[in-house]
Number of protein chains: 2
Amino acid sequence: MRLERREGRRSIGARRNPAAEAAILAAAREVLAECGYRGFSVDEVARRAGAGKPTIYRWWPTRSDLLLAVHSAERAARIEATDTGSLAGDLSTIGRGMLAAWRSSPAGEAVRGLVAEAQAGEAALVVLWERFMPPWTEPVRAVLGRAAMRGEVEPADIEVVTELFAGFLWRRLLTGQTDDDRAAIERMARLLSSGRGRKP
Amino acid sequence: MRLERREGRRSIGARRNPAAEAAILAAAREVLAECGYRGFSVDEVARRAGAGKPTIYRWWPTRSDLLLAVHSAERAARIEATDTGSLAGDLSTIGRGMLAAWRSSPAGEAVRGLVAEAQAGEAALVVLWERFMPPWTEPVRAVLGRAAMRGEVEPADIEVVTELFAGFLWRRLLTGQTDDDRAAIERMARLLSSGRGRKP
DNA sequence: ACCTATGGAAACGTCCCGTTTCGTTGTCGC
DNA sequence: GCGACAACGAAACGGGACGTTTCCATAGGT
């Protein structure tokens, strides 16, 4: 989907222009996909969107906001519910699915950017911690909730298993290991699901 | 127009000046401690060290090299061997020790910087992956090696447990959670050590 | 005595940030 | 109708940091 750049968008009056928002998000997605987080600059997004920087900053006050928006849009297209019947199966499926999504869409670069951004800015850390993490870990919590009801995991362990799972995937993403290492992921899933629950 | 040199290190001939190296590393450590990774700029380090930027770039071609040098120097002062007799005890001790070190020294900021840097640069990713990770995970591998001999963990699981452990700590550091959350850490350690090994 | 690598200072050109100014556009309240 | 208002794009700003280059002084190696 290419953008019209000759005739620039104009104001449509004293209200937000949906076309501008769409163009900016599309451009951000495009830059992220082409140049990665490395080449992700607000100037470049503005250039490609045929938009002014003030327009971007008006709606996304920080780079983190923009990255999060790209990630959210990407995520909306993939509503995934997983239920294989066993905790190990669920964790493995979700893990491989997330790595696959990171490989094949700008979502991975968006997450890398969000984390990198958070190391240098206090505001960015808040975005990562309060707006990115909760929805991101939601499917994991859902799976663990069901596993707890089946007795596969102690309810008190849910939090720590979620952390271990998230940490495993993050570390892989942040070190550039997003390949589908099926053996390792299944081993990880089995290990996390063989903790302290009542054995069937 | 010729200006008189102020007090400062001079060249000591056609060889590296150890005083310059020490001053630069000390300044880097100081900036990192005071301003965090956020305020860590080569210009500022040069200013405080009373050194020229070319001198810095001559010995540390990238910011990652400089960050890694600070981290290594910090690490050299804390050679820690852990052996509590049980895998859970060892992992818990190492985990809490690392978080404590990250809290109380520039090492944590150095790691945050190394990871952030690696998200934007290919060279920085190599530094992180090949020069930082191996020595950093060494104590964990040592502990897991002993645990494998005691039958507490399957040798084939060593790799994945190391990854899970590292991911757990990284995620905490990168999201600003470096407090001594003893309960969670011990729970994590217990979970990782209750995997598939032969029970004693 | 020359060669050469080092050290510090300063300045360079580039990039990007986040903000400000400006003129234009069109809607909505009056 | 009509004017206040807000959003739009373009351009420019000051600031900071990057990584590099030029310059000159220094002093060990040969």
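Just so we're on the same page: letters track the sequence lines, and every chain starts at 1. All heavy atoms count here, side chains included; hydrogens, waters and symmetry mates do not. None of the values given here were measured: they were computed from a predicted structure.
- Within 4.0 Å of Arg58(B), counting heavy atoms only, lies at least one base atom of the nucleic acid.
- Between the CZ atom of Arg9(A) and the C1' atom of dG26(C) there is a distance of 16 Å, rounded to whole Å.
- For the pair Glu21(B) CD and dG8(C) P, the computed distance is 12 Å after rounding to whole Å.
- Atom pair Arg38(A):CZ and dC16(C):C1' shows a separation of 14 Å (rounding to whole Å applied).
- The base of dG8(C) does not come close enough to the side chain of Lys53(B) for any donor and acceptor atom to sit less than 3.5 Å apart.
- Nucleotide dG8(C) holds its P atom 11 Å from the CZ atom of Arg10(B), rounded to whole Å.
- At whole-Å resolution of the value, CZ in Arg47(B) and C1' in dG8(C) are 15 Å apart.
- Considering only side-chain atoms of Tyr57(B), the nucleotide from dG9(D), dC18(D), dC17(C) that sits closest is dC18(D).
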Check the pair Arg171(A) / Leu164(B) against side-chain contact (heavy atoms from CB on, under 4.5 Å), numbers first and verdict last.
CA-CA 9 Å; Arg171(A) 201 200 121 279; Leu164(B) 282 165; over 6 Å; no

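- Regarding contacts with the backbone of dA7(D), every side-chain N or O of Trp59(A) stays at 4.0 angstrom or more from both OP1 and OP2.
- Note: CH2 (Trp60(A)) to C1' (dA7(D)) measures 13 Å, nearest angstrom.
- The number of heavy atoms from other shown groups lying within 6.0 Å of CZ (Arg146(A)) is above 12.
- Applying side-chain contact (heavy atoms from CB on, under 4.5 Å) to Glu109(A) and the options Val70(A), Leu173(A), Leu32(A) leaves one that passes, Leu32(A).
- The nearest whole Å value for the distance from the CG atom in Asp43(A) to the P atom in dC15(C) is 11 Å.
- Nearest nucleotide to the Val42(A) side chain, out of dC17(C), dC18(D), dT20(C): dC17(C).
- The listed nucleotides are dC8(D), dG8(C), dT26(D); the one nearest the side chain of Ser11(B) is dT26(D).
- No hydrogens or angles considered: nothing links the side chains of Asp90(B) and Thr93(B) as a donor-acceptor pair under 3.5 Å.
- The shortest distance between the side-chain N/O atoms of Thr55(A) and the OP1/OP2 oxygens of dG9(D) is below 4.0 Å.
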Go through Arg47(A) and Glu44(A) one step at a time and tell me if the salt bridge (Lys or Arg N to Asp or Glu O under 4.0 Å) criterion holds.
CA-CA 5 Å; Arg47(A) 223 171 346 242; Glu44(A) 181 61 21; 2.9 Å; yes

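- Pro61(A) comes within contact range of no nucleotide atom at all, as no heavy-atom separation falls under 4.0 Å.
- Of the listed nucleotides (dC8(D), dT20(C), dG19(D)), dG19(D) has the atom at the smallest distance from the side chain of Arg63(B).
- Where Ala51(A) and Phe40(B) each meet DNA chain D at their nearest nucleotide, the meeting point lying more 5' is that of Ala51(A).
- One can place CZ of Arg16(B) at 19 Å from P of dA27(D), the figure rounded to the nearest angstrom.
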